[in-house]
Amino acid sequence: MEDATVEEAEVSGGAEFAPALVAAHPLGYSVAVAVGPELRVFNLKAGSAVPLSDDSGGCSHSDAIRAISFSANGVLFASAGDDKLVKVWKTDSWCCIRTITSEKRVSAVAISNDGLYVTFADKFGVVWLVSMGETGGGQEPTDNKPVSILGHYCSIITSMKFSPDGRFIATADRDFKIRITLFPKKPLRGANEIQSFCLGHTDFVSCIAFTCLSEGPSYLLSGGGDSTVRLWDYINGCLLDTCQVRDKVGEILEPNETEDRNLAVADICATNDGSLVAVAIQSLNGVLLLACDLIAKKLSFLKVIAMEKCYIPTSLSSSFSADLLWTIMGASNMPNQATSQLFTRLKVIPHFKNDLLASADHVPSVLEDSEVPHGEKLLLALQGSLDIAKQEEVLASVLAALKVSMHKMLVKKQYSEERREQRKRGRNDKKIKK
Amino acid sequence: MKRGDGASGGGGGAGGQQKGAGKLPRKRFYRARAHSNPLSDSHFPVPISPDEVDLSQHYPRYFPSDEGEGRQGDAAASRIRFADVGCGFGGLLVGLSTLFPDTLMIGMELRDKVTEYVKERILALRASNPGQYDNISVVRTNSMKYIPNYFRKAQLSKMFFLFPDPHFKEKNHRRRVISMQLLDEYAYVMEVGGIIYTITDVEELGEWMRSCLEKHPLFEAIPEEEIKADPVVKLLSTATEEGQKVARNGGQTFQAIFRRIPLQEE
């Protein structure tokens, strides 16, 4: 059934949809939303939408943004995507300070914890690095072009993160691999020393996130197409625990709904004390909460925060200081849409921290539109419209677009046995003996 | 996704004709295309992690399957130490088997018919030489994609890349089995002090492999006299079918033999 949908979409113009993304500033100063080629930023301190400016002399994004990321201290922000541009922004002025051109489309982007390097992964599975400093820091003289530092052999990288201590860079791919690489002091020469591989997912890995106890060791969380969230000792590549979300979601959705539905994990987000993990799942209208016990090294199902029927979040983010969990749903190039305006739908879950949400009798709530910080002003800036919630058909079409886009982004094309045979028959390099 | 032995597709039928006879399989039943695209998505089972590699299937004498699961997880149990990547018809494995009779080694080959041939060849050798050739096996896989699925960190002491596909076109250089990126993975599965052997009869590829290894911070060249003293080196050009072909035609070969070293960060 999935296949049919995808192929249909290919036939009808082959437009690529990209799911909308949300990222919260680590210190809670601002929140950024990417939908299609548009980057929308709202300053939470000033309570106003931020106009973006560009000092880099490069173009602005012209195609879907696929990855956005704040640096650990929140000073820098990077956006990249299908237009092969990687743009680096200073978050005090929201001015673009660098535009880097990639040879291939970009699937993931990250900023090193010291803010000195930006890394991005392209469609060949190669990770490139550019120095943000004035010089190469005593390394070989560079013309400040991106250098390739590592690669996943012909597998697209879906997520890339730096460890909290900045020593490692983690990359996850569309096969089932998570690679942990030592991030060297002079990374322009390449990141060749692999610390470990975290192997256990049986399908694509869609998202990874580091989590740690305060001042304690850090761990890695991952989610994937096998409907599991996994907890890793990434230093040794050991799987500590696996949480099957398929069963839990199956209980919540109606039985006939789970059958042909994709229950892949779309995104994960941990609280800053590492005790809770929010999980977005394809086809689930809501957010799943897991309790994460980093002492016992256990992941366990806690509860589901249900949302309205046609709201299926695909991207989650929270900041270290504020306890808000931002969730978003939206897609670029929505079909059957009259206006050129790109809509998203944003929802915020308050008190995203342990003490309240973890208690069994607490029924978590989702903020009403009027309760969202800065209310309508913020929603207008980030969603593109206020009454999107009322436009059922818009949301429905977003939903349809998302289904295709997530599938295309994460799932490798599978050809049936017959189709493979057919392709072989049509091969022109084969001698035909009769 | 455990490795199933009943590799689907051709080859199996031809192999069946000779089973039990202890006779060496004949190559003409295993004709295969000379090249295989390492970029294409493959349709054979791959172990999810090295823990799932079923050693009892490969080395029944070392890992009797009736001893149950306990043995597999035993860290002290002998593990595969040599890997021949792109083993072809298995000449090197057969040569190494008697040279290192107590070392487990595996050949990795992408073409299924060739893999079937090597399987039959090893079974025939075991049948006609009891007590020998129990330490070698072969697996059909794409080692450019799945090396970490088969081996743990620092597990291997030797890796072999003999007469790999040259992939002349620049566009296809990323299909070469030796590249800076893939060397990261080979370095990961090799122990410090382990040796990587490469040989080719294509000068351009020889230079490429040498320059990749020279540039890579986790490998260093092995001095000439040490190479001369290594009994394995002689096998590189004499044990394999490709090597013999080159020697027959009076061709030249180009070797690059490097040692895995720890990372040095100034």
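Throughout, a chain's letter reflects where its sequence line sits, starting with A, and its residues are numbered from 1. Scope of the values below: all heavy atoms of this structure, side chains included, with no hydrogens, waters or symmetry mates. The shown structure was predicted, so the numbers you read here are calculated from the model rather than taken from an experiment.
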Shortest non-hydrogen separation from [X] to [Y] and the atoms involved:
X        : Y        : result
B/Lys145 : A/Lys177 : O-NZ, 2.5 Å
A/Leu182 : B/Leu263 : CD2-CD2, 3.9 Å
A/Gly200 : B/Ile48  : CA-CG2, 3.6 Å
A/Leu199 : B/Pro148 : CD1-O, 3.3 Å

Checking [X] against chain A: side chain, backbone, both or neither under 4.5 Å from a heavy atom?
X        : result
B/Asn149 : both
B/Lys153 : side chain
B/Pro38  : both

Pairs satisfying side chain to side chain donor-acceptor pair (under 3.5 Å), at least one member in residues 185-196 of chain B, at least two apart: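 Residue pairs passing side chain to side chain donor-acceptor pair (under 3.5 Å), neighbours aside: B/Arg81-B/Glu191.
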Nearest 0.5 Å, please: how far is [atom2] in [Y] from [atom1] in [X]?
X        : Y        : atom1 : atom2 : answer
A/Thr181 : B/Asp184 : OG1   : CG    : 7.5 Å
A/Phe176 : B/Tyr146 : CZ    : OH    : 5.5 Å
B/Asp51  : A/Cys238 : CG    : SG    : 8.5 Å
B/Ser49  : A/Phe197 : OG    : CZ    : 12.5 Å

Inspect the surroundings of CD in B/Glu220 and state if more than 12 heavy atoms from other residues, nucleotides or ligands are less than 6.0 Å away.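 Buried by this count: over 12 neighbours within 6.0 Å.
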Where does A/Leu239 contact chain B at under 4.5 Å (heavy atoms): side chain, backbone, both or neither?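 Interface part for A/Leu239: neither.
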I need the residue from B/Arg174, B/Gln181, B/Lys215, B/His216 with the largest number of non-hydrogen atom pairs under 4.5 Å to chain A.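 Heavy-atom pair counts peak at B/Arg174.
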